[in-house]
There are 2 protein chains.
Amino acid sequence: MKREPSAEEKAFLEQYRPQDYPRPAVAVDLVILTIIDAQVRVLLVKRKEHPFKGGWALPGGFVRVGSGKEQGEDLDAAARRELLEETGLDPDRVLIEQLYTFGRAGRDPRMRVISVAYVALVRPDLAPIVRAGGDVSDADWFSIESLKKQELAFDHREIVDTALSRIRGKLEYSNIAFDLVPLTFTIPELRHVYAIVLDREMDPGNFRRKFNRMLEDGVIERAPGKRITASKPATVYRFKRR
Amino acid sequence: MKREPSAEEKAFLEQYRPQDYPRPAVAVDLVILTIIDAQVRVLLVKRKEHPFKGGWALPGGFVRVGSGKEQGEDLDAAARRELLEETGLDPDRVLIEQLYTFGRAGRDPRMRVISVAYVALVRPDLAPIVRAGGDVSDADWFSIESLKKQELAFDHREIVDTALSRIRGKLEYSNIAFDLVPLTFTIPELRHVYAIVLDREMDPGNFRRKFNRMLEDGVIERAPGKRITASKPATVYRFKRR
DNA sequence: ATAATAGTGTCTATTAGACAATATCCT
DNA sequence: AGGATATTGTCTAATAGACACTATTAT
């Protein structure tokens, strides 16, 4: 929106003082997903402070809001900053997108907190470096399965569920699967990702046919080499982009 | 999340005082859509105050945040309240759902405002009563076409575009079309809604076949009477729910 | 040689789309 | 009777799923 404010409007803005109606705190929370040991995993951090001290929660933090002309950081920037801070991962190498905004009154007992949730997909070859960043005991990749028996802080379970449902939906009609697989991959490996995320077997033949259409569309291309497996080696491909 | 805080945590909460880091204002903005005169229309209101005084903007307002134990209203509640206040429409009779959260720094020149945008679909038979609520000159249904030449306040054009793109997408795989049509409708009427929203003609025969599957699935049912038209009258149906 | 799985082929059912043909009502 | 459009029918192409079959490698 590029426009030139009128003189009158400029004057208004000069003398404008925000009313002190109570304002909520605004946070970004991240659902950082990857695949480790054939399981979908979400990164959780152990809370150091009340409330839910010692409990597991999604990584996140408050959005930086400046004062005066400096209004602070964009929401996306806050999400990317948190990703970097909490995992050490380069936000440019990770798919990160806004998920949904959770703002139920009382979701944080301290005060009114509105949380803009983001989902991030981390390629499994990048996931191991995450631990290196912080104290191992303070962050861990929880499998979705184990989450069923794990209590989460705040409404973070609901946020995780929303994220999974979103990712499962997008798997059908988008290319996000390529963000859950190393830079080069075989068709069976990609198929496993689908099977793991959707939690159902995919027919190898039918999957390959779908995949071949992507090849024809130029979305992916062959990469050099073959992947050695316990049986017949598989052709290696790579996604075109990045 | 139902849980019993420990005594220590209770003590923590008792003495907790929110830090006075600057906080953003949080608003809900509504993209209220309907169909009038065979055009998709969005409800805009004329701004009474700076900035953008006299300009057209999406209806909306700040989320009510309490202080202390009273944390105020949920985001959905705020959206429903604004809908009622700005249009007089019963939120229970209107499809309303969260769209996306816009929080770019500088999007409001006064101060940092994070806007949780909602989309609402108003059945065309309910749309006329909207005017009655407020001053006619202060609110109007703008056709999408006319919006191209109409400047909007803040980043509201981006919000409207996001809403339209969302609605167009959902038209393909959900039942939202029934929220853009009167309680009873004919197949051609429903087809016109698709054609208007997607901005392309729909083949009458093919559309009917898709529609017949909904009939078989029990999503819709025949309603009494026939719709008299300029030519052959059409069978009347109704959506099963509400 | 055998196990395992990569990769191909075939058949069926479903759905979208183009388009022709018929039915029914208003004027 | 004629115009308009609701409604039905037909054909083709694209896609998904079930499943049989062949190919190639490690062991």
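- Using a cut-off of 4.0 Å between Lys/Arg side-chain N and Asp/Glu carboxylate O, A/Asp92 and A/Arg80 are scored as salt-bridged.
- Contact annotation: the side chain of B/Leu147 approaches that of B/Leu44 to within less than 4.5 Å [non-hydrogen atoms, C-beta and beyond].
- Checked against side-chain contact (heavy atoms from CB on, under 4.5 Å), B/Asp199 has no partners two or more places apart in sequence or in another chain.
- When heavy atoms are screened at a 4.0 angstrom cut-off, B/Arg227 is found touching no nucleic acid atom at all.
- Between the CD atom of B/Glu189 and the C1' atom of D/dT7 there is a distance of 15 Å, given to the nearest Å.
- A/Leu198 places its CG atom 11 Å from the P atom of D/dG17, with the value rounded to the nearest Å.
- The salt bridge (charged side-chain N to carboxylate O under 4.0 Å, His left out) test applied to B/Glu158 returns no partner, not counting sequence neighbours.
- Remark: P of D/dT5 and CE of B/Met202 are 18 Å apart, rounded to the nearest angstrom.
- The distance between atom OH of A/Tyr194 and atom P of D/dA16, rounded to the nearest whole Å, is 11 Å.
- A/Thr235 comes within 4.0 angstrom of the backbone, heavy atoms only, and of no base.
- Here D/dT15 presents its C1' atom at 10 Å from NZ of A/Lys210, a figure rounded to the nearest Å.
- Counting only residues at least two apart or in different chains, salt bridge (charged side-chain N to carboxylate O under 4.0 Å, His left out) contacts with residues 202-216 of chain B are absent.
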Any N/O pairs under 3.5 Å between the protein and nucleotides 8-10 of chain C? List them or say none.
none

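- A/Arg222 meets the side-chain contact (heavy atoms from CB on, under 4.5 Å) test with A/Thr235, A/Tyr237; sequence neighbours excluded.
- Atom CZ in B/Phe211 sits about 9 Å away from atom P in D/dT7, given to the nearest Å.
- Identified under the ring pair (Phe, Tyr, Trp, His ring centres under 6.0 Å) test for residues 79-108 of chain A, with sequence neighbours left out: A/Tyr100-A/Phe102.
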Heavy-atom contacts, protein to nucleotides 22-27 of chain D, under 4.0 Å, summarised as B (base), S (sugar-phosphate only) or - (none) per nt, yield -BBBS-

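- Going from atom CG of A/Leu215 over to atom P of C/dG7 covers 11 Å, rounded to whole Å.
- Residues that satisfy the side-chain contact (heavy atoms from CB on, under 4.5 Å) test with A/Arg41, not counting sequence neighbours, are A/Thr34, A/Ile36, A/Asp37, A/Gln39, A/Trp141, A/Ser143.
- With the nearest nucleotide of DNA chain D identified for both B/Pro188 and A/Arg213, B/Pro188 has the one nearer the 5' end.
- Per the geometry, CZ belonging to A/Phe207 stands 13 Å off C1' belonging to D/dA16, to the nearest Å.
- Applying the side-chain contact (heavy atoms from CB on, under 4.5 Å) test to B/Ser165 and every residue at least two apart in sequence or in another chain returns nothing.
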